[in-house]
2 protein chains.
Amino acid sequence: MQKENFIDKILNAGLKNTKYRLSIIELLSESKELLTAYNIREELLKKKIKINLSTVYRTVDKLVETKILNRINLENEKNAMYEYNREKHHHFLICENCNKIVPIYSCPIDKYELELEEKSGFQIKGHKIEFYGICEDCQKA
Amino acid sequence: MQKENFIDKILNAGLKNTKYRLSIIELLSESKELLTAYNIREELLKKKIKINLSTVYRTVDKLVETKILNRINLENEKNAMYEYNREKHHHFLICENCNKIVPIYSCPIDKYELELEEKSGFQIKGHKIEFYGICEDCQKA
DNA sequence: GTGTAAATGCGAATGATTCGCATTTGAGCG
DNA sequence: CGCTCAAATGCGAATCATTCGCATTTACAC
Ligand SMILES: [Mn+2]
Ligand SMILES: [Mn+2]
Ligand SMILES: [Zn+2]
Ligand SMILES: [Zn+2]
């Protein structure tokens with residue numbers, strides 16, 4: 001059962017299993033959207049789970065530290081957003097008109113990073129890419 | 001003379017030529033580093049130019065709008081940073097240890113963006129890339 | 001020079017995130 | 001199962017970058 005799996009993740013991370021941790025992980029694992037701390041609070045409230053906003057922040061901090069969640073800071077959004085870490089490297093394509101956020105599961109960078117390591121002397125650990133444009137729906141309108 | 005050139009840019013942008021605009025543009029055009037609003041204020045102070053922080057923000061806003069400057073929001077920095085717009089497409093390579101920020105003037109993306117347009121239906125207008133790693137100096141230490 | 005909109009200074013407001021501290025809770029242990 | 005203690009939580013206040021309101025000053029067109 002998925003829930004047991006999440007509890008294992010929490011415990012393996014050395015964290016206590018609390019209802020808030022479990023419900024935030026469940027929420028994000030089921031969400032196709034990125035959610036802000038505030039959104040998370042709202043969504044849990046819909047499920048009759050009342051949680052203090054400070055606790056949301058502290059909880060997602062821990063879950064990001066332990067790589068159960070990812071924190072995403074997008075150029076156009078002032079609030080941090082969170083997603084369940086599905087362990088699949090990805091980037092985002094964002095509509096400048098309607099702010100739709102689409103994950104992209106291909107990555108153009110592999111070889112280039114090697115070149116860059118040679119040229120720069122850096123040992124490269126990661127990268128972040130965002131693409132901006134106008135989505136199909138917004139082009140029509 | 002460079003200064004006349006900057007005044008032209010300001011006027012062509014439909015802005016009034018003020019000492020603050022000119023000195024911020026001069027400062028950033030001479031800087032190899034990205035500067036925050038606060039940094040800009042500090043640097044001008046060193047040159048005996050006293051400017052209110054609100055004015056720094058309002059000035060860089062206008063200069064970004066008119067594409068004389070670029071605003072850069074990096075993942076690890078909480079404050080926005082500004083650079084003179086040298087009209088050369090670039091990305092940044094950032095040392096996770098010493099926070100050194102190195103601009104990279106090559107771009108790995110051209111073909112990939114076309115593929116992405118076809119696959120996604122988006123009309124792509126731009127992208128943002130940051131690379132993270134450990135710089136040569138920090139690797140030694 | 002005059003007039004007027006734009007620019008500036010200053011202090012207050014905003015808003016996301018963090019912090020301090022009192023209280024509660026989870027998990028190991030007997 | 002009850003006990004203990006660190007970790008988690010709630011709540012209100014603090015922080016800090018950025019923005020705003022408003023009174024005053026300035027640039028520039030006439
Ligand atoms: Mn990638
Ligand atoms: Mn590029
Ligand atoms: Zn759209
Ligand atoms: Zn370094």
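Below, read A as the first sequence line, B as the second, and so on, with proteins coming before strands; counting in each chain starts at 1.
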Residue A:Lys119 excluded, over 12 heavy atoms near NZ under 6.0 Å:
yes
When A:Gly14 and B:Leu53 are each assigned the nearest nucleotide of DNA chain D, the 5'-most assignment goes to A:Gly14
In whole angstroms, the gap separating P of D:dT25 from CD1 of B:Ile51 amounts to 18 Å
*asked:* Under 4.0 Å, heavy atoms only, any strand: does A:Tyr38 hit a base, just the sugar-phosphate, or nothing?
replied: nothing
When rounded to whole Å, the CG to P distance for the pair A:Asp61 and D:dT9 reads 12 Å
Per-nucleotide protein contact along nucleotides 23-30 of chain C, 5' to 3', at a 4.0 Å heavy-atom cut-off (B base, S sugar-phosphate only, - neither), is --BBS---
Quiz prompt | Enclosure of A:Lys47 NZ (heavy-atom neighbours >12, cutoff 6.0 Å) | solution = yes
Requested in this report: Using a cut-off of 6.0 Å, state whether more than 12 heavy atoms not belonging to A:Lys88 lie near its atom NZ.
Outcome: no
Enumerate the protein-to-nucleotides 11-16 of chain D contacts in which both atoms are nitrogen or oxygen and the separation is below 3.5 Å.
{"from": "D:dG12", "atom 1": "O6", "to": "A:Ser54", "atom 2": "OG", "distance (Å)": "3.0"}

Atom NZ of A:Lys62 and atom P of C:dC19 are separated, to the nearest Å, by 12 Å
Separation of C:dA7 atom C1' from B:Ile10 atom CD1, nearest Å, is 13 Å
To the nearest angstrom, the CD1-P distance between A:Ile24 and D:dA8 comes to 13 Å
Taken to the nearest whole Å, OH/A:Tyr57 to C1'/C:dG20 is 18 Å
Rounded to whole Å, the CD-C1' distance (A:Glu77 to D:dT18) equals 17 Å
Taking only the side-chain nitrogens and oxygens of A:Tyr20, find out if one of them lies under 4.0 Å from OP1 or OP2 of D:dG10. yes
is_close_aromatic(A:Phe131, B:Tyr112), centroid dist under 6.0 Å = yes
Check the orientation of B:Phe6 and B:Tyr84. Use parallel for under 30°, tilted for 30 to 60°, and perpendicular for over 60°. perpendicular
Under 4.0 Å, counting only non-hydrogen atoms across every strand here, what does B:Thr36 touch: a base, just sugar-phosphate, or nothing? nothing
**Message:** Looking at B:Ser29 and B:Glu26, would you say the former's side chain and the latter's main chain have a donor-acceptor pair under 3.5 Å?
**Reply:** yes
Hits for side-chain contact (heavy atoms from CB on, under 4.5 Å) against A:Lys128, two or more places apart or cross-chain, chain-then-number order -> A:Asn73, A:Glu130, B:Glu75, B:Lys128, B:Glu130, B:Tyr132
- A:Lys9 NZ: over 12 foreign heavy atoms closer than 6.0 Å: yes
Between CD of B:Glu65 and P of C:dA6 the distance, given in whole Å, is 13 Å
Discussion item. Can you confirm whether A:Glu42 is buried at CD, in the sense that more than 12 heavy atoms of other residues, nucleotides or ligands lie under 6.0 Å from that atom?
Written reply: yes
By the 4.0 Å heavy-atom rule, please label B:Ala80 as base, sugar-phosphate, or nothing.
sugar-phosphate
